[in-house]
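Some notes on the structure that comes next.
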Amino acid sequence: ALAFLARPRAARIPLKGRHVLITGGSSGIGLAMATAAAREGARVSILARNAARLEEARGAIRAATGRDVGVHAADVRDADAVARALAEAGPVDVLVCNHGVFVPQELEKQEMEEVKWMVDINLMGTFHLVKAALPAMKERTKETRLPASIAIMSSQAGQVGVYGYTAYSASKFALRGLGEALQHEVIADNIHVSLIFPPDTETPGFAEENKRRPELTNIIAGSSGGMKADDVARKALDGIKSGKFIVPCNFEGAMLAVATAGLSPQSSPLTAFLEIIGAGVMRFAAICFQFNWFMTIENWYAKNKKHA
Ligand SMILES: NC(=O)C1=CN([C@@H]2O[C@H](COP(=O)(O)OP(=O)(O)OC[C@H]3O[C@@H](n4cnc5c(N)ncnc54)[C@H](OP(=O)(O)O)[C@@H]3O)[C@@H](O)[C@H]2O)C=CC1
Ligand SMILES: CCCCCCCCCCCCCCCC(=O)[C@@H](N)CO
């Protein structure tokens, strides 16, 4: 029955010879994805703010793959700049909205300016990109008759709220709402939406984050094993190519995907089956994880009150 029910229908989305545009492609996960996509024979464009870092990435990708990538300097917060960059880059087959910023801090201590900055880049920036890319993407799927993809980089902090991440988690949860609704709107044009949910990943951005990370954020996020950017990039591209809506990256991520399946689209009958069978068990696991996290918080506050 699930083979009949599962929607949208499974798709294979090839990368070879197609135009893949990756935001945040000058660093970390985005750079790893750009390199892997170029290696697979895609025509790759990368977009970020800093032109010097973009050129550096272009050199690194050329050294690693022998392929040249297009670079576009734009701030995703600037809708006009994004539209200009997309016009310059030409029609996209696979749009990867990977750009993102993260500064963890208890909300009480975090300036509203920093909260707005994270929401503006992580959430509003993704709206700007999709709006700018969609018209030409639709034309292109009509012409080529090949399925296209809009991939959005969330985070495991976009599946479960984590201490120190009120702003970041909010921006990443929001991307899921955007993605679920968008999938309804673009399926008629043969466009598949993928949401990617990595755990802590070794990147320049993560090294920066660690300088300011509250101890409790560290402990709770540590419930999921860390990954290397190349491995996240591999999982992300495989997920995109098979048109998966939810793309987990490690074992804990696979459990989280079942625990938070909700009303998400599911094209795989096998995964749908695992979600149905696993629902009760994973809810129990989730209760255990939350018990553990609340105990950790309680103990940490009891210990640190003495110093206050
Ligand atoms: N590393 C991790 O632990 C995890 C990361 N993620 C997510 O993965 C994505 C990539 O993270 P990671 O590789 O660590 O990040 P990095 O900080 O290493 O790289 C971020 C990239 O985004 C670009 N970027 C940032 N702000 C803007 C902007 N306003 N406009 C255009 N481009 C921008 C940066 O370039 P520039 O500064 O030049 O604009 C850079 O290329 C993010 O969405 C992040 O939330 C999810 C889970 C875990
Ligand atoms: C029911 C089963 C539960 C399974 C285990 C749950 C583990 C949850 C851990 C959440 C980790 C959040 C990491 C965020 C990383 C990130 O986005 C930052 N580094 C910023 O980039």
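As the structure lists them, so they are numbered: ligands from 1, and atoms in each ligand from 1. The basis for the numbers below is simple: all heavy atoms, side chains too, and nothing from hydrogens, waters or symmetry mates. The structure presented is a predicted model; accordingly, all values stated were derived computationally and were not measured.
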[X] contact mode with ligand 1 (heavy-atom cut-off under 4.0 Å):
{"X": "Tyr168", "answer": "side chain"}
{"X": "Lys172", "answer": "side chain"}
{"X": "Ser154", "answer": "backbone"}
{"X": "Pro199", "answer": "backbone"}
{"X": "Asn98", "answer": "both"}
{"X": "Ile29", "answer": "both"}
{"X": "Arg49", "answer": "both"}

Practice problem: Closest by any non-hydrogen atom to atom 15 (C) of ligand 2: pick that one out of Asp200, Thr260, Val281. | Solution: Asp200

Self-check item: The one among Phe102, Phe197, Trp117 that brings a heavy atom closest to atom 11 (O) of ligand 1
Solution: Phe102

What side-chain donor-acceptor pairs closer than 3.5 Å can you find for residues 81-92, not counting sequence neighbours?
unit_1 : atom_1 : unit_2 : atom_2 : d
Glu88  : OE2    : His72  : ND1    : 2.7

Exercise. Compute whether any side-chain donor of one residue and acceptor of the other, for Glu275 and Gln266, lie under 3.5 angstrom apart.
Key: yes

Quiz prompt | Per-residue contact class, Glu209 against ligand 2 - non-hydrogen pairs under 4.0 Å | solution = side chain

Quiz item: Any idea which protein heavy atom is nearest atom 9 (C) of ligand 2, and the distance to it?
Solution: Ser224 CB, 3.8 Å

Quiz item: How many angstroms lie between CG in Leu107 and CD in Glu114, if you round to the nearest 0.5 Å?
Solution: 11.0 Å

